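I have placed the structure first, in the form of structure tokens, so that the comments after it can refer back to it.
Just so you know, these numbers come straight off a predicted model, no measurement behind them. In what follows, chains carry the letters A, B, and so on, assigned in the order in which the sequence lines appear, proteins first and then strands, with residues in each chain numbered from 1.
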2 protein chains.
Amino acid sequence: MDLKNEDFTQHKHISQQFNTELLELKNHFLVMGGLVEQQVSDAVRALMNGDSGVAEEVRLRDREVDKLEMTIDEECVQVIARRQPAARDLRLVVSVAKMVNDLERIGDEAKKIAKIAINLAEEGQPPRGYVEVRHIANHVAQMVHQALNCFARLDAEMAVEIMREDYSVDSEYKSAMRSLVTFMMEDPRSISRILSVMWVLRALERIGDHARNLAEHVIYMVKGKDVRHTPMEKVEATVAGD
Amino acid sequence: MDLKNEDFTQHKHISQQFNTELLELKNHFLVMGGLVEQQVSDAVRALMNGDSGVAEEVRLRDREVDKLEMTIDEECVQVIARRQPAARDLRLVVSVAKMVNDLERIGDEAKKIAKIAINLAEEGQPPRGYVEVRHIANHVAQMVHQALNCFARLDAEMAVEIMREDYSVDSEYKSAMRSLVTFMMEDPRSISRILSVMWVLRALERIGDHARNLAEHVIYMVKGKDVRHTPMEKVEATVAGD
């Protein structure tokens, strides 16, 4: 991922050291993001292939995600305390402190999927609903990837795209859930296994929400406008303007 | 809720104005907390009584919660930019910026419960599982209330209690979910309604998690130690020590 970006070269900071610290913070965030992306794709792969080994690795690796969250949070507080950043720099640091929580949550959802993968692998025979899982999983994995890219490039237009994607994930999720309810009614003996698939879908849908949160923070960093809880037309106008 | 606390009177700030700003920030956070508490209790009451009117109010009032989140977030950034707080004050401001997200999420879960209440009220005849819902709802509502109290008083010992409570909520939740799966198997025609009750339980369990997050932040503010992702014995030692 490209860490150079215009913002940092155009902007003149009082000290070169401060500049380096901000770059490091961004860099650590992207490292954590890369790990979390991997966790999601491994968890889904483990589920699809009934591979408990991979699922177990995801569970264990969640501790690394947690540690990174705590490290980056501490770095944010340190940077504020030592450097007293203002304006755009301050928005960057405060946003990272908040976004790191979204990354940790994504990691947590991946861990949940991995746990379910382990239980389902024991039972053999994949339950119905895997087509839907694969589809939504690809969709949200792409959103997370794009969210990290748009953070690295501070690209507000791409952030708007991600926010839009979240709407289509939500409708895919609802339609998948309806299918699963039908499967349950058709075959009540499969209730418990299909419930597990529902929890996986729910986790994926939440991952999409967190990718959207990341995108909203990128818009805040770049434009200085808080676009949470805002209708899409307004968000588009905010990003298109100035 | 008592807003005076020793921290603010003992601590000498450079300016009285800064002191006032911090108190205001805390106060706004508690106002938002009070609103969110009300949302949770109204949503659960609406569900229990099949009262769509109350549920509709909860849905609409969620916008106020969202607005407060954005206002308080902005206040945090302003306080950091203007006052450059250090040490304990900085921890307070950064923690509030993070905790406000937990409050917003609790509000969001209350809104989800309200939506389900509306759907179930239309169908008449309450589904099974309401005993479990009532029990867990009381438990997590109490946790949220205590979390706000322990923030107001900066009481780290109470925060540890709340963290412990979250473990019992999790086990109550798991046991309730098992009962609901059994109900579904016994009567497949009720699958869809019981699923709704499962989503309510899930929302309540998440509210418990957020109360726990609030408690963890209080410990961070008071003790300067990040106790997330830490075993309970270590947390207890941290709070007992110093």
Side-chain angles (χ1 to χ4, degrees), chain A residues 62-71 73-74 76-78 80-87 89-91 93-95 97-102 104-105 108 177-178 180-192 194-196 198-199 202 206 209 213 220 224-230, chain B residues 62-71 73-74 76-78 80-87 89-91 93-95 97-102 104-105 108 177-178 180-192 194-196 198-199 202 206 209 213 220 224-230:
Chain A
D62 189 53
R63 284 191 212 148
E64 284 176 47
V65 176
D66 292 345
K67 269 189 212 151
L68 279 170
E69 180 191 22
M70 292 165 77
T71 306
D73 253 340
E74 178 61 20
C76 289
V77 173
Q78 292 298 328
I80 296 175
R82 274 206 308 267
R83 304 289 170 185
Q84 299 163 350
D89 294 333
L90 178 56
R91 292 205 300 275
V93 179
V94 172
S95 296
K98 282 168 162 276
M99 290 194 294
V100 90
N101 185 244
D102 285 297
E104 190 269 338
R105 297 290 316 145
D108 229 42
M177 290 300 265
R178 277 193 297 269
L180 290 176
V181 173
T182 313
F183 298 159
M184 271 187 178
M185 288 174 171
E186 284 168 10
D187 179 13
R189 286 165 308 166
S190 68
I191 283 176
S192 162
I194 291 181
L195 263 178
S196 298
M198 285 184 167
W199 298 128
R202 175 67 154 215
R206 293 293 301 143
D209 289 344
N213 293 349
Y220 173 69
K225 294 264 165 52
D226 187 345
V227 296
R228 292 174 296 181
H229 318 301
T230 306
Chain B
D62 189 52
R63 285 191 211 145
E64 284 175 46
V65 176
D66 292 344
K67 269 189 212 151
L68 279 171
E69 179 192 23
M70 291 165 77
T71 306
D73 252 338
E74 178 61 21
C76 290
V77 173
Q78 291 298 328
I80 296 175
R82 275 206 307 267
R83 303 290 171 186
Q84 300 163 351
D89 294 332
L90 178 56
R91 292 204 302 272
V93 179
V94 171
S95 296
K98 283 169 161 278
M99 290 194 295
V100 90
N101 185 245
D102 285 298
E104 190 270 337
R105 297 291 316 146
D108 229 40
M177 290 301 264
R178 275 192 298 270
L180 289 177
V181 173
T182 312
F183 298 160
M184 272 188 178
M185 288 175 171
E186 283 167 9
D187 179 13
R189 287 165 308 166
S190 69
I191 283 176
S192 165
I194 291 180
L195 263 177
S196 297
M198 285 183 168
W199 297 127
R202 176 67 153 211
R206 291 295 299 142
D209 288 344
N213 292 349
Y220 173 70
K225 293 266 166 50
D226 187 345
V227 295
R228 293 174 296 182
H229 319 300
T230 306

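Going from atom CZ of A:R228 over to atom CD of B:E104 covers 7.5 Å, rounded to the nearest 0.5 Å. Between B:L180 atom CG and A:I191 atom CD1 the span is 11.5 Å, to the nearest 0.5 Å. Atom-to-atom distance recorded for A:R91:CZ and B:I80:CD1 is 13.5 Å, nearest 0.5 angstrom.
Interface remark: B:V77 contributes backbone and side-chain atoms alike to the contact with chain A (heavy atom separation under 4.5 Å). Residue A:N101 touches chain B through its side chain alone, counting heavy-atom pairs closer than 4.5 Å. For a residue to count as touching a neighbouring chain, one of its non-hydrogen atoms must lie under 4.5 Å from one of that chain's; by this rule A:R202 touches chain B with the side chain only. For A:V93, no part lies under 4.5 angstrom from a heavy atom of chain B. Proximity to chain A is absent for every atom of B:V65, based on heavy atoms less than 4.5 angstrom apart.
Shown here for B:M185 and A:P188, the closest heavy-atom pair between the two residues is CG-O, 4.4 Å. Taking every heavy atom of both residues into account, A:A97 and B:K98 meet most closely at O-NZ, 2.6 Å.
Side-chain atoms of B:M177 and A:L195, non-hydrogen and from C-beta on, never get closer than 4.5 Å to each other.
Counting heavy-atom pairs under 4.5 Å between each of A:E69, A:R82, A:M198 and chain B puts A:E69 at the top. If you tally non-hydrogen atom pairs under 4.5 Å between each of B:M70, B:H229, B:E74 and chain A, the highest count goes to B:H229.
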